[in-house]
Colleague: 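Please see the structure below; I have some questions.
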There are 2 protein chains.
Amino acid sequence: MSRPTIGDVARVAGVTKATVSHAYSGKRPISAATKARVFAAAQELQWVPSSSARALATRRANAIGIVLAREPAILASDTFFPAFISGVETALAEHEVALVLQVVGSRTAEERAYRAMANGRADGVIVLDLHRTEWRVPFLQQLRLPAVLLGAFDGPTSFSCVRTDDAAPVRELVAHLRGLGHERIAHVAGPLDYVHSHARAQAYLEEVGTPELLREGDFGAGSGRALTAELLELADRPTAILYANDTMAIAGYSLARSRGLTVPDDLAVAGFDDDHLSAYLTPALTSVSSDPLQRGRVAAERLLADLAGEPPRQVTVDCTVLRLRASTEARAARGHQPEETS
Amino acid sequence: MSRPTIGDVARVAGVTKATVSHAYSGKRPISAATKARVFAAAQELQWVPSSSARALATRRANAIGIVLAREPAILASDTFFPAFISGVETALAEHEVALVLQVVGSRTAEERAYRAMANGRADGVIVLDLHRTEWRVPFLQQLRLPAVLLGAFDGPTSFSCVRTDDAAPVRELVAHLRGLGHERIAHVAGPLDYVHSHARAQAYLEEVGTPELLREGDFGAGSGRALTAELLELADRPTAILYANDTMAIAGYSLARSRGLTVPDDLAVAGFDDDHLSAYLTPALTSVSSDPLQRGRVAAERLLADLAGEPPRQVTVDCTVLRLRASTEARAARGHQPEETS
DNA sequence: ATGAAAGCGCTAACAT
DNA sequence: ATGTTAGCGCTTTCAT
């Protein structure tokens, strides 16, 4: 006994396949009586429509895709991704749409993955880690694969974008640190080829006026450590450092302390992305939470809307919140307990 | 101009669809000359086989599934999951198999998700977060959906299992702490309904002999904090606490320090899973890394082997490594020689 | 309101 | 070594 098909259900219900199909889709009026017979038959046979058959007939996979071009090791230590996925899923669940995930290592593999998505695996994709020079945007356009870009894409595009204001929290942080008397404020950025890293670095530069204390890291702990060492060895060393993520920040302040500096008295430190452990460090790390869950939900909803035929739109999600914690406190303010998390 | 089909390629190459199909699958000898013509035609038309059509014809989705029944918020702060996924993907990439992910909130939704997987979305699934009483195992068996279970499943099953020795690192940790003179060693476990939490708690009990200092947490920071408070208020409080994950451990030692205790002098602390930040805390947190990346790879490879027709197997991945760090150091060790070399 | 039949784009017997 | 012909399990005209 192999899996039942729509034909089996039709036979048991004493109708044709078309009737069964329409009883479910509602694309045609079906009398209450036949509908009941059809549902009963389906129930009895435990029938569930085959998604591949349906996909072939409707040219709709009922799935969306995400292709991640990251080293597995880097992905593994990423705090953003799982939350983002969760957000995407909350949006998809309501529409019975699945998520197809592919992690690739090379440009070739990435292209192949998108081609596969375009050829029946997915109806559209969400594009993460936007670069300033993006080959994927024209590529996807040419594939005619609907896409939603996460982040601000400058070039011309007919794709929807889900943006976040990357600059504002940087400005706020710089202002906050200045308020505490800091004048030498450094920034350890992420790879400047990423649009969000670039936007943050740009905001920093506009506030500070000089690239003297700007360094480009790679989001890994190693680069956080190395660049911090470099900054601390300057003749006129910074008294505060803004890092592009928490991993680099923690590696950095850990190094600073191993050199005898006290955080925040000798060196104030702030991160980005608000790792779930950051509130529990000692001192607790000031960071910027960016609600990846909400962004995932919004991006997925946007894509579903595009697929439903709505015109593409630029959405801005306002979701960054400054978490001011002990690592950027004024000297006088010390002695507080770590904050409660909710 | 809609997407090219295998028929278009066949026409351009001057052969039939079957030849094109076989030129790619290699399931039939094709002369080098025709093969070349076929590939050239495919190249010219930018043809990629439709995965839904292929899925329907072969009854193979060329995808495997993972259904996660977790709160999005909990998933978001999980260090295991992204690394595991990466591992899965490294195995799948070589076989051009996709990963379909579904995060569900309710039991009903979970069943529906598995049903959908069974009906063409996926060829098999990897089951995570194994419970001691598992409805999913018989359910999947009844659906005849191939599965690989991550963890030791006690009941009868014809599914492959990918196990890890959860007990050994607990025993080692207890022994290590005893060697440092600790006699009151507590354990803040994960939910005991999980097989791995249970196995760890069991190992702890066998070593320690009494459940007096055993507490059941939920892997969240909040429960780590609360249960630590409870343990520290005991008349004869523990001098060391083993936590079932790093999140609880960090919340716990943060609380202990806010009460004036020094780690590791007044309280030794160890976690589990080796969060990527744990090595950077002060003091660095002793933990057990369990190589989720490798486990993901092995689980996926096992599933692919099952799907290829190999008989199911029980595989044990020996991948836990004790990371002894400052949070469990001997008092004497700070500035003196440790009494034991490992 | 329902039935009959023609695809969707592939793969897999069965031929030659 | 290649062509012919049926399907795979749905959806969707076109009839009635």
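Labels below follow one simple rule: chain letters A, B, ... track the order of the sequence lines, proteins then strands, and each chain is numbered from 1.
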Colleague: State whether B:T5 places a side-chain N or O below 4.0 Å from either non-bridging phosphate oxygen (OP1 or OP2) of C:dG9.
Modeller: no
Colleague: Looking at A:W135, is A:R107 sitting on its ring face, NZ or CZ under 6.0 Å from the six-membered ring centre and within 45 degrees of the normal?
Modeller: yes
Colleague: Quick one: is C:dG9 close enough that its OP1 or OP2 comes under 4.0 Å of any side-chain N or O from B:S52?
Modeller: no
Colleague: Could you work out which one of D:dT11, C:dC10, C:dA1 sits closest to the side chain of A:S31?
Modeller: C:dA1
Colleague: Quick one: is A:R54 getting a side-chain N or O under 4.0 Å of the D:dT11 phosphate, OP1 or OP2?
Modeller: yes
Colleague: Separation of B:K17 atom NZ from D:dT5 atom C1', in whole Å?
Modeller: 9 Å
Colleague: Across the strands shown, which category fits A:K27 at heavy-atom distances under 4.0 angstrom: base, sugar-phosphate, nothing?
Modeller: sugar-phosphate
Colleague: Just checking B:L56: base, sugar-phosphate only, or nothing, at a heavy-atom cut-off of under 4.0 Å?
Modeller: base
Colleague: Contact class for A:S21 (heavy atom, under 4.0 Å): base, sugar-phosphate, or nothing?
Modeller: base
Colleague: Expressed as a whole number of angstroms, how long is the span from A:N62:CG to C:dC8:C1'?
Modeller: 15 Å
Colleague: Could you check whether the side chain of A:R28 and the base of C:dG3 have a donor-acceptor pair of N or O atoms closer than 3.5 Å, going by distance alone?
Modeller: yes
Colleague: Would you indicate, yes or no, if C:dT2 has its OP1 or OP2 atom less than 4.0 angstrom from a side-chain nitrogen or oxygen of A:T34?
Modeller: yes
